[in-house]
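The structure appears right after this line, and notes come after that.
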Amino acid sequence: MMSSRKVVELFYDVVSPYSWLGFEVCFLNRLILHTAFPPPPTLGNKPPGLVPNKFLYMTKDLDLLAKYCGVPLQPPSDVFEAMFQKGTLSAMRFVTAVQQQEKGGDKQVEQVSRELWRRIWSEDKDITEPASLSEAAKRAGLTDGEIQEVLKLSTSQEIKDKLKNTTEAALKYGAFGFPLLVCHIDGTPQMFFGSDRFELMAHCIGEKWLGPNPDNSAARL
């Protein structure tokens with residue numbers, strides 16, 4: 001979906017199920033990724049989990065989209081606790097530290113992010129404790145030594161600042177939630193919000209959209 005003058009960034013958070021859907025579609029279509037921790041809800045804009053009718057809609061919507069995108073998504077038993085009480089600050093710092101340590105690509109970031117999403121949105125497990133982060137990283141293929149290095153790095157001021165700066169970059173684009181896609185066409189950014197804007201995005205950047213899973217590779221999930 002890219003040419004030399006078209007770059008697509010994805011800002012995401014592993015607490016967001018819609019981010020998981022957008023994330024998988026981006027990787028299946030070979031887009032470029034960045035991570036960000038979500039900004040607080042703006043005044044008058046409550047999270048969908050806190051609005052009863054939105055929550056009911058979101059539950060049905062996620063089920064349909066998960067099947068459409070080929071993502072094994074199942075809501076945790078306590079969505080409010082998972083998303084709003086526990087949050088994912090430690091998890092996103094961990095992902096940022098993985099990104100910092102990784103050389104020559106984003107394979108480890110991809111796998112670790114996916115395992116964190118799988119834990120919270122498929123297996124109803126914790127993603128906030130060091131042991132939980134370690135288990136996700138191990139399933140993603142990191143060695144014990146790499147995991148310990150990343151855990152230590154994730155609590156450093158350097159990583160805290162990096163995640164904060166990435167989040168601020170998303171806010172400058174106009175972010176109010178995730179996933180956020182930013183298309184750069186000849187240096188001009190165009191923002192798209194949500195996991196269901198890929199067809200419109202492709203139209204705007206002059207690319208053909210073949211669906212969320214153009215080569216049926218979602219089976220690897």
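- In terms of heavy-atom proximity, G87 sits nearest to T128 at O-CG2, 3.5 Å.
- Counting only distance, with no hydrogens or angles, the side chain of S122 and the backbone of P72 share a donor-acceptor pair below 3.5 Å.
- For the pair L181 and E9, the minimum side-chain heavy-atom distance is 4.5 Å or more.
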(message) Determine whether I127 and V14 satisfy the following criterion, side chain to side chain contact (heavy atoms under 4.5 Å, CB included), listing intermediate values before the conclusion.
(response) CA-CA 9 Å; I127 61 167; V14 294; 4.0 Å; yes
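- The backbone N or O of V109 lies less than 3.5 Å from no partner atom in the side chain of D106, so there is not a single donor-acceptor pair.
- The CZ atom of R118 lies 11.0 Å from the CG atom of L73; values are rounded to the nearest 0.5 Å.
- Of all heavy-atom pairs between C69 and L21, the closest is CB-CD2, 4.2 Å.
- Salt bridge annotation for R139-E123: present, with a cationic side-chain nitrogen under 4.0 angstrom from a carboxylate oxygen.
- Side-chain atoms of E81 never come within 3.5 Å of backbone atoms of K86 as a donor-acceptor pair (strictly under, hydrogens ignored).
- Minimum heavy-atom separation, P179 to S195: CG-N, 3.8 Å.
- Using a 4.5 Å cut-off on side-chain heavy atoms (C-beta onward), T166 and T96 make no contact.
- Residue Q148 holds its CD atom at 5.5 Å from CG of L151, rounded to the nearest 0.5 Å.
- Hydrophobic clustering, with ILVMFWY side chains joined whenever heavy atoms are under 4.5 angstrom apart, keeps Y57 apart from L62.
- Under the 4.5 Å side-chain heavy-atom criterion for grouping Ile, Leu, Val, Met, Phe, Trp and Tyr, L65 is connected to L200 within one hydrophobic cluster.
- A ring-centre distance under 6.0 Å is not found for F11 and F178.
- Of the charged side-chain nitrogens involved, none lies within less than 4.0 Å of a carboxylate oxygen, so that K138 and E115 do not count as a salt-bridged pair.
- When every heavy atom of S19 is checked against every heavy atom of D13, the shortest pair comes out as CB-O, 3.4 Å.
- Under a 4.0 Å N-O distance rule, the pair R119/D124 does not qualify as a salt bridge.
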(message) Using the rule given for side chain to side chain contact (heavy atoms under 4.5 Å, CB included), can you reason through K125 versus S132, listing the C-alpha separation, both sets of side-chain angles and the distance that settles it, and then say yes or no?
(response) CA-CA 8 Å; K125 294 180 179 178; S132 303; over 6 Å; no
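- In this structure, L10 and V8 have side chains that are not in contact, with every pair of non-hydrogen atoms separated by 4.5 Å or more.
- With no hydrogens or angles considered, no side-chain donor-acceptor pair links Q99 and Q108 at under 3.5 Å.
- Residues D61 and Y18 have side chains that bring a donor and an acceptor to within less than 3.5 angstrom of each other.
- Within a 6.0 Å radius of CD in E199, other residues, nucleotides and ligands contribute 12 heavy atoms or fewer.
- Shown here is K160, whose NZ atom has more than 12 heavy atoms of other residues, nucleotides or ligands within 6.0 Å.
- Hydrophobic cluster membership differs between L133 and L153, with clusters built from Ile, Leu, Val, Met, Phe, Trp and Tyr side chains linked at under 4.5 angstrom.
- For T143 (side chain) and E146 (main-chain N/O), a donor-acceptor pair under 3.5 Å exists by modelled atom type.
- No single ILVMFWY cluster, assembled from side-chain heavy atoms under 4.5 Å apart, contains both L89 and I159.
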(message) For H184 and Q190: C-alpha separation, side-chain torsions, deciding distance, then whether side chain to side chain contact (heavy atoms under 4.5 Å, CB included) applies.
(response) CA-CA 6 Å; H184 300 267; Q190 173 69 51; over 6 Å; no
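- You'll find the ring centres of F198 and H203 outside the 6.0 Å limit.
- For D126 (side chain) and E129 (main-chain N/O), a donor-acceptor pair under 3.5 Å exists by modelled atom type.
- Between W20 and W117, the ring planes are parallel. Angles under 30° get that label, and only those over 60° would be called perpendicular.
- Residues F23 and S113 approach most closely at CZ-CB, 3.8 Å, considering heavy atoms.
- With respect to the salt-bridge test (charged N to carboxylate O, under 4.0 angstrom), the residues E110 and R114 qualify.
- Residues forming a side-chain contact (heavy atoms from CB on, under 4.5 Å) with A82 (at least two apart in sequence, or on another chain): P76, I120.
- For the residue pair S16 and W121, the shortest heavy atom distance occurs at C-NE1, 4.2 Å.
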